[in-house]
Amino acid sequence: MKELLSDRINNLAVSQTLAMAAKARELQSQGKDVIGLSLGEPDFNTPDFVKEAAIKAIQDNYNSYTPVDGYVELKKAIINKFERDNKLNYNLSQIVVSTGAKQSLSNIAAALINPGDEVILPCPYWVSYRDIIKLNGGVPIEVKTNISSDFKISGEDLEKNITSKTKMLWFSSPCNPSGSVYSKSELKEISDVLLRHPEIYVVSDEIYEHINFSGGHSSIAAFDGMYDRTITVNGVSKAFAMTGWRIGYIGGPKWVARACNKMQGQVTSGANCIAQRAVITALQENPSKIHYMVDEFKERRDLILGLLDQINGFTCNKPEGAFYVFPDVSHYFGKTIDGTTINNASDMSMFLLEKALVATVTGDAFGDPNCIRISYAASQEQLIEAVSRIKNILN
Ligand code: PMP
Ligand code: GLU
């Protein structure tokens, strides 16, 4: 039988974070001692108080289909969380719970993008934005940044890329992969530009909100004039170490929430019942309860920055959030090391996997061909060993 895949799927790139993680697992299963720093996944266990809520939910027979947009109790917990942490006031009709923030993002794209609509993506951006946008007929407009601007765009950068076709701005702060955090004044500059273009919507991905070492998180939806045109995306994968539980959510305009609900109603139905019950407990807790993880991430950030500093030609910004470093490795392009010529970031990432047994992700996946992403969601011993292997092979 001929393989007759659709153009849509043929044009869709494979998620390179997941592909690299799969490659690392494959090598590990062959007995190779690969250190996996490719996947953005906390290496902590889900906190006990959350696990206990899930066990109780099973015992209490939460086993039926859930409301498509989430249990009312969970939506209320999300409303309280938005009030508590972000000074954003939503009502029940403005919240949609999904099977991970990835589905939240996909719903938004399906709900808002018409073919040919332009979506401004500050680079580097999280790996799946570009393909989610393209899958829905949108045109990603990549706005380049570099270390000297801490991988952030200015109001001027944004303004220069706005056209009559611009539909949305998508970004994450703290950013995956650069770890950059937009300050209040930087967000104000961006929102001032957007105020002059009232037809542009914003998708603000705040999934790393709590993994922030800069001393404060700001939500762009809370700035003057932004509430009605911003969809704030969040989830529990990162802050609560719940990647496999698959719960994400949005707060935004009622008409967007209604559209996401409609989309989800045809595609997946409501998110998992047990996971939703557990997330009610997670969100009701004071965020200080998960600070032990944030403190550890900060220690690891400092550790890995210090270690990478000893490697010739790896130049880093100082990430203020998330759990990634994004070194510029372009110093090595065109050089031959140990018989292998490194022409780009993908070559470097492959070289490190094959020769140093350290899994990273090429910056191409995030729209920056000069960098590689290293996740430091691994133990300090693993980080020390990984950087020492990289250093030995490169220096
Ligand atoms: N946004 C960003 C910036 C991410 O890093 C991730 C990580 N997977 C997601 C969204 C999706 O998260 P989830 O596990 O909730 O689907
Ligand atoms: N967000 C994580 C990452 O960037 C998980 C992988 C994924 O969902 O693509 O590595």
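When a ligand or atom number is given, it counts from 1 through the structure's own listing order. Residues take their numbers from the sequence shown, with the count starting at 1. Treat the numbers as computed from the prediction; the structure is a model and nothing was measured.
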* Is it the side chain, the backbone, both or neither of A101 that has a heavy atom closer than 4.0 Å to ligand 1? -> both

Of the protein's non-hydrogen atoms, which lies at the shortest distance from [atom], and what is that distance?
| atom | answer |
| --- | --- |
| atom 11 (C) of ligand 1 | W126 CH2, 3.6 Å |
| atom 16 (O) of ligand 1 | R246 NH2, 2.7 Å |
| atom 12 (O) of ligand 1 | I207 CD1, 3.4 Å |

Any [X] heavy atom less than 4.0 Å from ligand 1:
| X | answer |
| --- | --- |
| K238 | yes |
| Q103 | no |
| G248 | no |
| T243 | no |

Could you tell me which atoms of ligand 1, counted from 1 in the order shown, lie closer than 4.0 angstrom to a heavy atom of [X]?
| X | value |
| --- | --- |
| G100 | 15 (O), 16 (O) |
| N176 | 3 (C), 4 (C), 5 (O) |
| Y208 | 3 (C), 4 (C), 5 (O) |

* Where do C316 and I147 land on the side-chain contact (heavy atoms from CB on, under 4.5 Å) test, with the steps shown first? -> CA-CA 7 Å; C316 296; I147 291 181; 5.7 Å; no

* **Any donor-acceptor N or O pair under 3.5 Å, side chains E118, T163** => yes

* Structure fact -> Out of T17, D205, V127, L105, the nearest non-hydrogen contact to atom 1 (N) of ligand 1 is supplied by D205

* Contacts of D117 that satisfy salt bridge (charged side-chain N to carboxylate O under 4.0 Å, His left out) - sequence neighbours left out -> K167

* To do: Check whether more than 12 heavy atoms from other residues, nucleotides or ligands sit under 6.0 Å from atom CZ of R246, and answer yes or no.
  => yes

* Is K102 in polar range of ligand 1, meaning some N or O pair under 3.5 Å apart? -> yes

* Structure fact -> Nearest heavy-atom contact between T243 and P42 is CG2-CD, 3.9 Å

Taking the six-membered ring for Trp, are the ring centroids of [X] and [Y] within less than 6.0 Å of each other?
| X | Y | value |
| --- | --- | --- |
| Y208 | F323 | yes |
| F151 | F326 | yes |
| Y125 | F366 | no |
| F44 | F297 | yes |

* Structure fact -> Residues pairing under ring-ring contact (aromatic ring centres under 6.0 Å, His included) where one sits in residues 261-295, two or more places apart or in two chains, turn out to be none

Side-chain donor-acceptor pairs under 3.5 Å in residues 46-59, sequence neighbours left out?
from : atom 1 : to   : atom 2 : distance (Å)
T46  : OG1    : A241 : O      : 2.7
T46  : OG1    : W245 : NE1    : 3.2
K56  : NZ     : D60  : OD2    : 2.6

* **Electrostatic pair K238:E41 at N-O distance under 4.0 angstrom** => no

Contact table, ligand 2 N/O with protein N/O, distance under 3.5 Å:
from     : atom 1 : to   : atom 2 : distance (Å)
ligand 2 : 1 (N)  : W126 : NE1    : 3.4
ligand 2 : 1 (N)  : K238 : NZ     : 3.1
ligand 2 : 4 (O)  : W126 : NE1    : 3.0
ligand 2 : 4 (O)  : N176 : ND2    : 3.0
ligand 2 : 4 (O)  : R373 : NH1    : 2.9
ligand 2 : 8 (O)  : K102 : NZ     : 3.1
ligand 2 : 9 (O)  : T17  : OG1    : 2.7
ligand 2 : 10 (O) : G40  : N      : 2.7
ligand 2 : 10 (O) : R373 : NH2    : 2.8

